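A short worksheet on the structure shown next.
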Amino acid sequence: MNNYQIGLTILSCVSVITVTGVYALTGLCGMFSLGQAAFMCIGAYGTFMLTRYAGIPLIPAALLGVLAGVIVAWVVGRLTLKLRRDYFALMTVALGQAIPSLVVVFSEYTNGALGFTKIPKVNGLIWITLGITVLVVFCIRNLKYSRYGRMCLALKTDELAAKSFGINVYKLKVKIYILASAIACIAGILFALRNRYIDNTQFNWALSAEMQIFLFFGGSNSLTGAVVSAFVLKMLPNILRNVQLFGVSMQEYRIILYCILVLIILNFRPAGIMGEHELNFRWVSRLTAKIKNASGRNGGKA
Amino acid sequence: MTGKLFIQLLVNGISIGAVYALIAVGFALVFSVLKFSNFSFGGTISACAFIGFFFQKAFNQPPYWITVLVSSVAGVLIALTVDLLGFNRIRKKNSPKIYYFLSSVVFAIMIEQILTVFYGTQMYAFPSIFATTTLQIGGITFSKLDMTILAIAISLLVILIIIIDKTKLGLAIRAVAINSNTSRLMGINSSVIIVLTFAIAGFLGGITGVMLGQKYSVYASLGPSMMLKGFIASVIGGLGSLGGAIVAAILLGVVEIFATFVFGAEIVPIVLFGIMLIFLLVRPQGIAGRIAEEKA
Amino acid sequence: MALLEIRGLNVYYGNIRAIHGIDLDIEEGEITAIIGSNGAGKTTILKAISGMVNRNDSIKFDGVPLSMKPHKVIKKSRICHVPEGRQIFAGLTVEENLLLGAYNNNNKKEIKQLLEEQYDLFPRLRERKNQDAGTLSGGEQQMLAICRGLMSKPRVLLLDEPSLGLAPIIVTEVMKTIQNIRDKGITVVLVEQNAKKSLSICDYAYVVENGRIKLSGTGKEMLNNPEVVEAYLGAACE
Amino acid sequence: GGQANTGGQTGTDQPSQAPSQSQGTQKDLEPIKLGNIQDLTGSASEAGVANAWGVEYAVKMINSQGGINGRMIELYTEDCKNDATEALNAYRKLVDEIGIHALIGPPLSNSAATWKELVEEDQIPCVGHFMDESCTTDENGNVYKYMFLAEPGCIQQSYSIAKFALEKLGIKTAGVLYNTANAFAVAHAKPFMDYINAKGGKIVVEETFSWSDADYSAQAAKVAAANPDAVFLSDYAAQAKLCYQQLREAGYKGIILGANTLALPFPTLVDGEIYDLYFLQNVDMFSEGTDCYDLLQAFFKENPDSTYPKVNACFGYDAVMVMADAMRRAKDPTDGAEVQALLEQTKDVPTSSGPITIDPKTHRPVGMPMYIATYDENNNVKIVDKIFVSEDALK
Amino acid sequence: MSNVVLKTEGISKSFGGVKAVQQFSMELHEHEIKGIIGPNGAGKTTIFNLLSHIILPDEGKIFLLGEDIENKSQEEVAQMGLSRTFQSIRLFAGLNVLDNVKVGLDNEGKYNLFDAMFLTPRRWKEEKRIHNAAMECLTMLNLEKYKDYRSNNLPYGIQRRVEIARAIVSRPKILLLDEPAAGLLPEEVFELIDFIRLIKEKFELSIIVIEHRMDLIMNLCSEILVQDFGKTIACGTPKELQCDPRVLAAYLGEEE
Ligand SMILES: Nc1ncnc2c1ncn2[C@@H]1O[C@H](COP(=O)(O)OP(=O)(O)OP(=O)(O)O)[C@@H](O)[C@H]1O
Ligand SMILES: Nc1ncnc2c1ncn2[C@@H]1O[C@H](COP(=O)(O)OP(=O)(O)OP(=O)(O)O)[C@@H](O)[C@H]1O
Ligand SMILES: [Mg+2]
Ligand SMILES: [Mg+2]
């Protein structure tokens, strides 16, 4: 793999990481957030302002960056998660606007619109990213199959019933929101390390919306679906970069194509590509059996 | 701040609030019937601005009202297309509300992208409707265009409220908004009413598009950039309430203008965030909404 | 020939079959009762008639196949369905609710007259005509739902559990009203859990179980049927 | 060959620029791979497409004249969509997949800023029109070794209009209205204020907005209330249009100054009359006989849809000229380090904007003039002055 | 006399103008099964909602195991050992039967988010315990063959029983059953009666049950409260109430 492909892979992994967090929030708990990009922003700016101005080494700075995101998520979560779900979604939209505009307010340090650079170069970033991606996906998968996962799915379907089993719905929601936001912070840091340049416009609501689209494309009830679609859909535009179709370059139309793809999924398979399936051995074996079956039937007819 | 300046800012705030109101009402209308926030509305507005502009250009400046009419018919068509391609099947399948929302976000991105790809390389502006753009009354400057927009917005909103409150169609829309299934038992063709609601919103979008295109210039992100404000206003107003949305939109415009004046523009998103937070904590049902409590 | 002729009605909810090839006859000018336990499919039968669920083409009204679109059923065939759980429009006033009942009627004079008729039927509604219907008590809401149905000048009135949530005294009143409605020549299909009450006022009754007709007969016959007594009339005071 | 066909496609329907004679006469010499990253789509495509045309035109011309010391240039154009991440993807693709030897950059600083540190690691000399000084020197004044600017930087440009306003228009007080979220706007507004304050004028009001704002009437009211002699508008045309209009609507009657984004088609966007407006121009595009005039005629011929001259066509052309000059002087034009060293010694390279000389300490041109223009009653551009000012003027 | 586990003192609740519950007082003893009957809208479900603190009373006090629950949240009341089912089935549609039952135990699971994500030994141990307890409960209630089914695909009667299983798996002290026999066929009702008796013995429960099916109420309950228009109009043993004229008039209906 050359640097270009490595770079794209890192980018796709960053999207997988964020979407995994969004899966915990939306897929498991049913909370729709359009402000996760703001946490990427906090993570990235927090960390690299510390490395640049306070001279803190990268790893402690990254931890502090994530901590900053956690604090913001805690405050916002505590205030908004008692509200109805659509209001929570709205507040995340507003948060998604407010945080990037803070970057401009503190232009003196963040370099505002001119973009923030001097981000340290990390060797072997691809391995670190892959490692973190695997770790995050692993963790969220475990979360899904733990008591937390069950409680989240319970509160997603019926908050009132969940409460009657002693589940503190509000606290649980705050916890998951913080978790998802911390994951977004990590993704933001990796994103900055990859680009070595960040500016406020990169973290707007379109990015948050993209995460949700990835999630629902893959299937909001399937972590596998979310991970696969986040990776593939992020990669796709760059694969389509120079593809030609009927003599017309696809480069300009790639996002349009990609919207059409998502619309087709929404119309004809609203549960997402994967529905509720997760990739596990049982599923794989069932699938192979099905294929065998189908081919067997066809053979019989022929 | 002098008194004159204060009034001037108030006038400015109300003018921009009127624009937000047009958008917020489009939102609130669809929300009240379908219970989701239709983000594709922003795209519809941009597209209508472009259509109005090209119509104006192609037919060598026909009377202004014809342009507005054409653009609003286009708005209706776009809204219906979006409904057909984006929401119709979701409705038939009874999928969760979140899919409508998602579908509308995808449309928002797609329409903006289509406009950017095909028309993003140039800038377009409507020819002005007034020879002189401003008017002085008692030391206060009124922009003629703003006043026109305000007048159009108010009259449209009044017409809309009359339709909703006083006509049979309005009664049907309200009934479908409350319960579309029971409405069918009353002999109301709920699907037609839903499509009609989209059409009305599209109509508003068409008019808003031309107005915005006239005020600002015509560009792909015109609608989407204004849409978030309309969205905020419709929520603060109480999701689905038209009157509330209008009040909230005007308030939002005024607050925004004063906040910009006092604190500077960068702080405004943060101020708005704070205001919304406090507002929702104090009055979670919005200005005019009611809380639907869950019954065990 | 019966006014409504149902032959081999099937209804599916997704893959679940709720109604298994039912045959029913509803005679003009009679009260036909349908009783059965929870989930037996009573509501589904009414919904199938009014077009609220997808069904096979198995219903004839006055000898012609009945439309499957609810707004056409009410407009063309004047079959009005008063749904389970009242489902009045909370947020609209009492009068607006009633006006919605006459949605397909464009004759203003007639609407006015119909309104008066309803207010005469339940004077309590007249007192509250400008009140938000959502704030009415359960009994009042039920009255409103019935009146809203009558506003469409129906030939057939489908009533789904009209006594649900009503105090016994009001139940008696509602039952009397239903008889009055029948006496005006309107055909009534009455779905009730309160088997005893409905059997005692109906002309003919069907017992539905698991989506199939289990028994049928006149009201009197059913009341004396030991099977019915055991399963649906309960072991009350012996 | 074949690779050039896929790599060189830009997605717009311009013909492929694959060199026609690369195999024939100079069989032993590999072509020089020149990357070109421009905003072909996205909100800055207006400038980007013209820029890309200029680059392609220049490359075509050089190749038809026998290339660089006999070596053809193969052009690989990528789109950065006015998006930093896309810019970086495009950069990585050109460097890692195509293996370009040099890069022509876009006129937008945000995109170029993403690779200003990377070009040094990859040894890819980059010439472009990223006016923001932070693309060529860091905040301590150290140059980014491989980044070269081919037009006056923001500081010099803003100084020029400030100087013009103070000396020729005789203003005493000034205000600014700019987009804090736009690098271009910030990089113009700050030096303008510095110059005015340093040279005896006074900045009495500073108002800002950002992308998410669609209306500036509050800011306009504040500026009008302060009523300075002149107001400097700093942002792209769409926003500047609204600033201008709302300032006038707010009752401001003084002079309005602007960057080169206020050039055509600005007047066609504005509702109402335009008066007392002065703005920057890099070249005099309207006088026959200049190099840029001829270049723009070629542009019109190839782009019959264009209704007004786009200075960006000249920019693209100039950048290639500067790059080609250094390559011609190099023993191996594909050696990034050598070309970089020679770019630092660029002196009086003829371009459509006049001769360019690059200061090795800043990697920005020195001694280039800026033009001040205004609109007459018919909204035709009229060049009113030519200003020479150095970016060190305040030091 | 055994201990009082649940006691209310004059609780009332109105919704707007509707006085759903008025001055409701009652005592529930250990191992007792108490019945509440009354016409629709009499406020029975509202009483359950008040007891489980889904809604708060306008006045009056509720004592759970001797403790005033005025300042407790719904979750805390549940954690104190009060469990309930709902009138309309509220199983978690996204989960299978086993997971639905596990949710009943999950809140007390003794491992944290970190353990959950990193699969620590503690998580394995606790999950195993939860799994065993849930399976034990399902087996006891003869439901183990349904454990992998999606809850919304099951027959109605089974769903009812799963709901009860979920409610008792955490070994509550008190169980509130809201119309558990609704929608069951007459034979199923008799199965349910045995089932409730069984769980009462096995889990040492005190139970309050709301029901319209007289056979169930009369067979199970030691004492019955009759509600009408929010008020308790009668109270007594099944025998006493069967011929009480007030009850006949308001609820059971006059015999013709
Ligand atoms: N929307 C639906 N989706 C799936 N199944 C349904 C739906 N509505 C009803 N059913 C099922 O169809 C069957 C018949 O339901 P229906 O509502 O007709 O019964 P009913 O006799 O009216 O009962 P009740 O006395 O409770 O009103 C039941 O098993 C029910 O679970
Ligand atoms: N959250 C609420 N908001 C408004 N009114 C309510 C609410 N909950 C209950 N009510 C009203 O309180 C009264 C009592 O309701 P409740 O559900 O307790 O009746 P019930 O005795 O359980 O009847 P059923 O036998 O039908 O279940 C009803 O009139 C009902 O409409
Ligand atoms: Mg029913
Ligand atoms: Mg109840």
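Everything numeric here is computed off the predicted structure, so don't read it as measured data.
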**Report entry** Under 4.5 Å from any heavy atom of chain A - which part of D:Asp138
**Finding:** side chain
Query - Closest non-hydrogen atom pair, A:Thr117 against D:Tyr144 - result: OG1-OH, 4.5 Å
Query raised in the report: When heavy-atom pairs shorter than 4.5 Å are enumerated against chain D, which of A:Val103, A:Thr201, A:Asp199 gives the highest number?
Result: A:Asp199
Requested in this report: Please look at D:Thr85 and chain A and tell me whether the side chain, the backbone, both or neither of the residue comes under 4.5 angstrom of a heavy atom of that chain.
Outcome: both
Report task. Take D:Arg92 and A:Leu8 through the side chain to side chain contact (heavy atoms under 4.5 Å, CB included) test and state the conclusion after the steps. Result -> CA-CA 9 Å; D:Arg92 286 259 68 103; A:Leu8 291 185; over 6 Å; no
Report summary line: Rounded to the nearest 0.5 angstrom, the CD-CG distance for D:Glu97 and A:Asn3 is 10.5 Å
Report task. Tell me, for D:Thr180 versus chain A, whether the close heavy atoms (under 4.5 Å) come from the side chain, the backbone, both or neither. Result -> both
Query raised in the report: Could you state the interatomic distance from CD (D:Glu86) to CD (A:Gln202), rounded to the nearest 0.5 Å?
Result: 10.5 Å
Query raised in the report: Got a second to check how far A:Tyr197's OH is from D:Leu118's CG, nearest 0.5 Å?
Result: 12.5 Å
Report summary line: Within residues 125-134 of chain D, contacts to chain A at heavy-atom distances under 4.5 Å involve D:Asp132
Report task. Any chance you could lay out the side chain to side chain contact (heavy atoms under 4.5 Å, CB included) test for A:Val104 and D:Thr208, step after step, and finish with the verdict? Result -> CA-CA 11 Å; A:Val104 177; D:Thr208 61; over 6 Å; no
Report task. Please flag which part of A:Leu11 lies under 4.5 Å from any non-hydrogen atom of chain D: side chain, backbone, both or neither. Result -> side chain
Query - Part of D:Leu94 lying under 4.5 Å from any heavy atom of chain A - result: neither
Query raised in the report: Does the side chain of D:Thr114 pick up a donor-acceptor pair with the side chain of A:Asn195 at under 3.5 Å?
Result: no
Query raised in the report: Would you call A:Lys121-D:Glu117 a salt bridge at under 4.0 Å N-O?
Result: no
